[in-house]
Amino acid sequence: MCRTQETLDHEAVFAAKSNAVGVPTEVLSAEEVRRRDPGIDYAIAGAVMFTKDAHLDPRELVKLLTSEIQRLGGRIVWNAEVTGWRREGARLKAAVTTAGEFAGETFVLAAGAWSPAAAEALGLRIPMQAGKGYSMRLPHPVQRPKYCSLLMEARVAVTPMGDALTVGGTMEITGNDLSVNPARVRGIRKAFVKYYPAFKESDFTELPVWSGLRPCPPDGMPYLGRTRSAENLVVATGHSMMGLSLGPVTGEIVAQLVCGEATSVALSEVDPDRHA
Ligand SMILES: Cc1cc2nc3c(=O)[nH]c(=O)nc-3n(C[C@H](O)[C@H](O)[C@H](O)COP(=O)(O)OP(=O)(O)OC[C@H]3O[C@@H](n4cnc5c(N)ncnc54)[C@H](O)[C@@H]3O)c2cc1C
């Protein structure tokens with residue numbers, strides 16, 4: 001969604017490029033957005049619709065993944081922090097955790113913004129900054145837009161989740177600190193009500209604020225693949241702002257690596273050893 005015609009024109013150029021690579025888009029006037037989502041007040045110049053985009057509720061996804069892992073015979077050990085590794089020569093024998101040691105044939109390092117610390121103990125250098133973001137869930141929104149939106153000038157994301165509406169954004173570089181910066185949260189609310197004028201900033205009063213850390217490598221590319229630092233380690237981290245979207249393909253590639261199969265895409269651009 002774009003508040004100004006200037007931003008919409010800029011996004012239309014991007015939309016044309018997107019169409020050319022097979023990701024379909026439509027450039028919509030404000031009237032057309034209102035026609036497609038009647039009953040919602042939009043204070044915008046227009047929008048680019050990514051017609052094949054989808055969205056999900058991350059809490060439901062994690063619940064589903066948890067039960068699916070358990071159904072398939074996997075065991076999840078909660079609150080076990082990896083503090084080190086036991087190795088024999090080039091191979092890892094066990095992950096050393098606050099809940100004891102866990103031996104294994106193959107290990108996958110996927111610790112998000114905390115991955116560099118876990119990697120360092122192996123002599124593996126995967127530089128990363130944590131990019132903190134916030135989100136708030138309006139349980140009873142005054143209006144419930146049909147579409148997810150990215151408010152382009154404000155860099156805020158709005159997502160319908162069941163009956164609720166989630167509003168989030170911000171990229172704050174403050175180390176691995178999850179504390180909430182009220183000024184940043186105010187910025188998200190202020191921006192949101194400009195695009196959706198039926199809402200008021202006070203709608204957010206008393207709502208809990210969730211904070212999360214995006215794992216951001218300096219070159220914007222994930223770390224995915226095997227590494228020279230240990231024969232039986234697979235690294236899968238550093239997905240920045242796209243970790244959910246890239247989760248399925250990452251999982252598929254990790255499975256291929258663990259099973260010793262050829263990967264479905266070449267991994268040279270995302271080599272975990274590229275900064276070694
Ligand atoms: C506000 C916000 C909005 C976002 N919106 C989107 C979006 O719309 N689409 C999208 O694709 N992505 C989005 N992202 C990004 C996405 O959340 C991340 O890219 C994704 O979570 C990264 O997944 P991950 O599994 O690598 O890391 P995480 O989700 O951070 O998971 C890492 C896990 O490892 C655990 N861990 C860390 N260290 C250790 C240790 N030593 N021992 C044991 N466990 C450890 C952590 O506790 C954590 O559970 C958003 C992020 C934020 C903050």
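In each ligand, atom 1 is the first atom listed, and ligand 1 is the first ligand listed.
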Would a 4.5 Å heavy-atom cut-off, applied to side chains only, mark [X] and [Y] as touching?
{"X": "Met136", "Y": "Ile188", "result": "yes"}
{"X": "Trp210", "Y": "Thr166", "result": "no"}
{"X": "Arg189", "Y": "Val185", "result": "yes"}
{"X": "Ser135", "Y": "Val209", "result": "no"}
{"X": "Leu165", "Y": "Phe192", "result": "yes"}

May I ask whether [atom] is less than 4.0 Å from at least one protein heavy atom?
{"atom": "atom 5 (N) of ligand 1", "answer": "no"}
{"atom": "atom 9 (N) of ligand 1", "answer": "yes"}
{"atom": "atom 26 (O) of ligand 1", "answer": "yes"}
{"atom": "atom 21 (O) of ligand 1", "answer": "no"}
{"atom": "atom 35 (C) of ligand 1", "answer": "no"}
{"atom": "atom 30 (O) of ligand 1", "answer": "yes"}
{"atom": "atom 47 (O) of ligand 1", "answer": "no"}
{"atom": "atom 14 (N) of ligand 1", "answer": "yes"}

- Query: Just wondering, more than 12 heavy atoms not from Arg155 lying within 6.0 Å of its CZ?
  - Reply: no
- Atom CE of Met161 with >12 non-hydrogen neighbours under 6.0 angstrom: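 Atom CE in Met161 is packed in, count exceeds 12.
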Around [atom], find the nearest protein heavy atom and jot down its residue, atom name and distance.
{"atom": "atom 41 (N) of ligand 1", "result": "Val82 O, 3.1 Å"}
{"atom": "atom 33 (C) of ligand 1", "result": "Ala110 O, 4.2 Å"}
{"atom": "atom 3 (C) of ligand 1", "result": "Arg214 NH2, 4.1 Å"}
{"atom": "atom 28 (P) of ligand 1", "result": "Gly112 CA, 4.2 Å"}

[X] to ligand 1: N or O pair under 3.5 Å?
{"X": "Gly243", "value": "yes"}
{"X": "Ala236", "value": "no"}
{"X": "Leu213", "value": "no"}

Of all the atoms in ligand 1, which lie at a distance below 4.0 Å from a heavy atom belonging to [X]?
{"X": "Gly212", "result": "53 (C)"}
{"X": "Met242", "result": "10 (C), 11 (O), 12 (N)"}
{"X": "Tyr134", "result": "1 (C)"}
{"X": "Leu244", "result": "10 (C), 11 (O), 12 (N)"}

- Query: What closest approach, in Å, do Ala90 and Asn232 show between heavy atoms, and which atom pair accounts for it?
  - Reply: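 Heavy atoms of Ala90 and Asn232 come nearest at O-OD1, 4.5 Å.
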- Shortest non-hydrogen contact from Leu267 to Gly225? CD1-CA, 4.2 Å
- Candidates Trp78, Trp114, Trp210; heavy atom nearest atom 38 (N) of ligand 1 found on Trp114
- Message: Is it the case that the side chain of Arg184 and the backbone of Glu172 share a donor-acceptor pair, with hydrogens and angles ignored and the cut-off at 3.5 Å?
- Response: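 The answer is no, because no donor-acceptor pair under 3.5 Å joins these two groups.
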Which one holds for [X] and ligand 1: side chain close, backbone close, both close, or neither close, with close meaning a heavy atom under 4.0 Å?
{"X": "Glu81", "answer": "both"}
{"X": "Met241", "answer": "backbone"}
{"X": "Ser240", "answer": "backbone"}
{"X": "Ser245", "answer": "both"}
{"X": "Ala111", "answer": "both"}
{"X": "Ala80", "answer": "backbone"}

- Task: Mind checking ring-ring contact (aromatic ring centres under 6.0 Å, His included) for Tyr195 and listing every partner two or more places apart, or none if nothing turns up?
- Result: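 By the ring-ring contact (aromatic ring centres under 6.0 Å, His included) rule, Tyr195 matches no residue at all.
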- Pairs where residues 135-149 contributes a residue and the test salt bridge (Lys or Arg N to Asp or Glu O under 4.0 Å) is met, not counting sequence neighbours: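 Qualifying pairs: Asp57-Arg137.
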- side chain to side chain contact (heavy atoms under 4.5 Å, CB included) partner of Ser240, the single match among Cys216, Pro222, Pro215: Cys216
- Query: Under the side-chain hydrogen bond (donor to acceptor under 3.5 Å, both in side chains) criterion, do Thr7 and Glu153 qualify, and how do the steps go?
  - Reply: CA-CA 7 Å; Thr7 311; Glu153 291 90 351; 2.7 Å; yes
- Message: Taking the six-membered ring for Trp, are Phe199 and Phe204 closer than 6.0 Å centroid to centroid?
- Response: no
